[in-house]
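Below: the structure, in structure tokens.
All values below come from the heavy atoms of this structure, side chains included, with hydrogens, waters and symmetry mates left out. So you know, we letter chains A, B, ... as the sequences are listed, proteins then strands, and number each from 1.
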Amino acid sequence: MYHALQDAIREAESRGTTLATVALEIEARDQGRPVEEIRDALRRALEVMRGAVDRGLVGDLRSNSGLVGGDAAKLRTAAAGPLADTVFREVLMRALAVQEVNAAMGVIVAAPTAGGAGVLPGVLLGLATRHAVDDDRLVDALATAGLIGAVVAQRASLSGAEGGCQAETGAAAGMAAGAATEMLGGTPTQAGHAVALAQQGTLGLVCDPLGGLVELPCVFRNATGAAIALAAIEMAMAGITFAIPADEVIDTMGEIGRDMDVRYRETAGGGLAQTPTGRRLAKERLTQIKRG
Amino acid sequence: MVSLLDIIGPVMVGPSSSHTAGACRLGRIARDLVAGTPEQALIELHGSFARTGEGHGTDKAIVGGLLGFRPDDERLRDALVIMEREGLDFRFAKTTLGDEPAVHPNTVRLTVTRQHRQHVMVGASLGAGRIRVSEIDGYPVEVDGSHHAIVLVAEDIRGSIARIAGLLSDDGVNIATLRLSRKHRGGDAFMVIEVDDPTADAVLADIKALPWVRWVHRIEKVGG
């Protein structure tokens, strides 16, 4: 797979094609499999994403510890809120729904990770409720997202334990932003700016889960990550550019991750996990898990 | 090599691709080393695995892997209960295997025993469900689970690689990579051979029958 997003953008632009097309071609070559087989695998992933959204929107799930669950359904039904009848609401509720399913040990697609699994389906399937997007275009979007994630994996990291939440929900926001920009008709260059705009907005984001559980703030970080992706898509599609190329923003994320104190890398040693309330809740809930 | 399908995937039971899916895959590889569910296992967790493993279900995921479950198997949720019901002697311990960056924060050492055969494996979960096995029985290796593989220990004799490669190619198996490591010159050689397709039982038996091969195992592809 490409090591630099810029190479993929250049290739796609010079041929007048999409990032999805060049990503699928390289993947087919790397894996020695036909493109259609890879598309089939992505189509299955799309179905699992849809299933997780539907499951989470029911609103009856609770996580192992009971710390999270049921909030996606509130967004589905609540009339209040300035964005109640907008695509923003559709995206937000889906991002929450998938992450609530994840916290309840339900089946999801790790994209790029389980902790950041809500952002991509939230953004893509949420946008698809208000834009005419068929499954083939959603599959293309997943391929573009996979390309962006692969670049992040090679240049930086996709692990909260290595790079903090900027490497999970941050990377997911970059993937979703680039993929959705292309899905809605943006050029490969615009998709690149969307990646940079989303990733820059999450630089430095720590991984500080209460009790080390992928629950709080993870569920809400997926919702805010999706919101950042939407902001990036809106800007990039309006022709706004970000002066630092996506690859360099990604490199910066990697550098910040390497310098990040271990307390902020999934160890529950700092951040929200070590607030007075965070510590109290973690203690209560972990005791509850042990009691079964 | 990073695959697009590793990034958009795996399909898995939550809540953590590194602590649940990756952990499950490491368990599956250890299971393959003893060719079945181990009767005994010592699961030593290092770093983030030790600190936050319980809440992430790492314990359930590794045990599920040892039982042969895949990362998308909803039985993972109940792996500890199944382990107790089957009367398996699996124990957990926290350990420190070294400092970063030499040792990845999500590392586990698995000592598995089945039918009087014991193997020790050290592996890490790198994020997004990707894994790397770095040590088997004290030999440095690099297995990422993205291929079917054969691991074996043989006396370090001339022509051993050619002989084994010949057996594989006679059966139409294509070798993707082959790595050899020795603890010292003239000592036993440890080989990891990654292949494009699963190795047939007959070929494995042929390799096992070579008088200078001490043991050989097949590791199934767990990723991609």
**Report entry** Interchain contact, Ser16(B) with chain A, by part (heavy-atom threshold 4.5 Å)
**Finding:** both
**Report entry** Donor + acceptor pair across side chains of Ser134(B), Glu142(B) (<3.5 Å)
**Finding:** no
**Report entry** Greatest number of heavy atom pairs closer than 4.5 Å to chain B - which of Ala23(A), Ala114(A), Ala111(A), Ala117(A)
**Finding:** Ala114(A)
Query - Between Pro112(A), Ser157(A), Ala110(A), Ala104(A), the one whose heavy-atom pairs under 4.5 Å with chain B are most numerous - result: Ala110(A)
Query raised in the report: When rounded to the nearest 0.5 angstrom, what is the spacing between CD1 in Ile38(A) and CD in Glu25(A)?
Result: 10.5 Å
Query raised in the report: Using a cut-off of under 4.5 Å for heavy-atom pairs, which of Arg258(A), Gln31(A), Arg44(A) has the most such pairs with chain B?
Result: Gln31(A)
**Report entry** Flag for Ser3(B)-Glu27(A): side-chain donor and acceptor within less than 3.5 Å
**Finding:** yes
Query raised in the report: Where the side chain of Asp208(A) meets the backbone of Ala268(A), is there a donor-acceptor pair that is under 3.5 Å apart?
Result: no
Report task. May I ask you to decide if Ala20(A)'s main-chain N or O and Glu182(A)'s side chain share a donor-acceptor pair within less than 3.5 Å? Result -> yes
Report task. Without swapping roles, check the side chain of Asp7(A) against the backbone of Tyr2(A) for a donor-acceptor pair under 3.5 Å. Result -> no
Query raised in the report: Does the pair Arg50(A)/Glu47(A) count as a salt bridge with the N-to-O cut at 4.0 Å?
Result: yes
Report task. Mark yes or no for whether Arg132(B), through its side chain, and Val143(B), through its backbone, hold a donor-acceptor pair below 3.5 Å. Result -> no
Requested in this report: Against chain B, work out which of Ile108(A), Val101(A), Leu158(A), Leu42(A) has the most heavy-atom pairs shorter than 4.5 Å and name it.
Outcome: Ile108(A)
Report summary line: Among Gly163(A), Ala161(A), Ala41(A), the residue with the most heavy-atom pairs under 4.5 Å to chain B is Ala161(A)
Query raised in the report: Counting a contact as any heavy-atom pair under 4.5 Å apart, which residues of residues 73-95 of chain B contact chain A?
Result: Glu74(B), Arg77(B)
Query raised in the report: If you count heavy-atom pairs under 4.5 Å with chain B, which of Ala52(A), Gly269(A), Gly106(A) comes out on top?
Result: Gly106(A)
Query raised in the report: Counting a contact as any heavy-atom pair under 4.5 Å apart, which residues of residues 143-155 of chain A contact chain B?
Result: Ala143(A), Ala145(A), Gly146(A), Leu147(A), Gly149(A), Ala150(A), Ala153(A), Gln154(A)
Query - Region of Pro10(B) that comes under 4.5 Å of a non-hydrogen atom in chain A - result: both
Report summary line: Residues passing the salt bridge (charged side-chain N to carboxylate O under 4.0 Å, His left out) test with Arg265(A), sequence neighbours excluded, are Glu100(B)
Query raised in the report: Do Thr37(B) and Arg114(B) get their side chains close enough for a donor-acceptor pair, meaning under 3.5 Å?
Result: no
Query - Interface moiety of Val48(A) toward chain B, non-hydrogen atoms closer than 4.5 Å - result: side chain
Query raised in the report: Distance from His104(B) atom NE2 to Phe49(B) atom CZ, nearest 0.5 Å?
Result: 8.5 Å
Query - Under the ring pair (Phe, Tyr, Trp, His ring centres under 6.0 Å) test, residues paired with His119(B) that sit two or more places apart - result: Trp215(B), His217(B)
Report task. State whether the side chain of Gln199(A) and the backbone N or O of Gln166(A) hold a donor-acceptor pair below 3.5 Å, judged by distance alone. Result -> yes
Query - N/O donor-acceptor pair under 3.5 Å between Asn106(B) side chain and Ala124(B) backbone - result: no
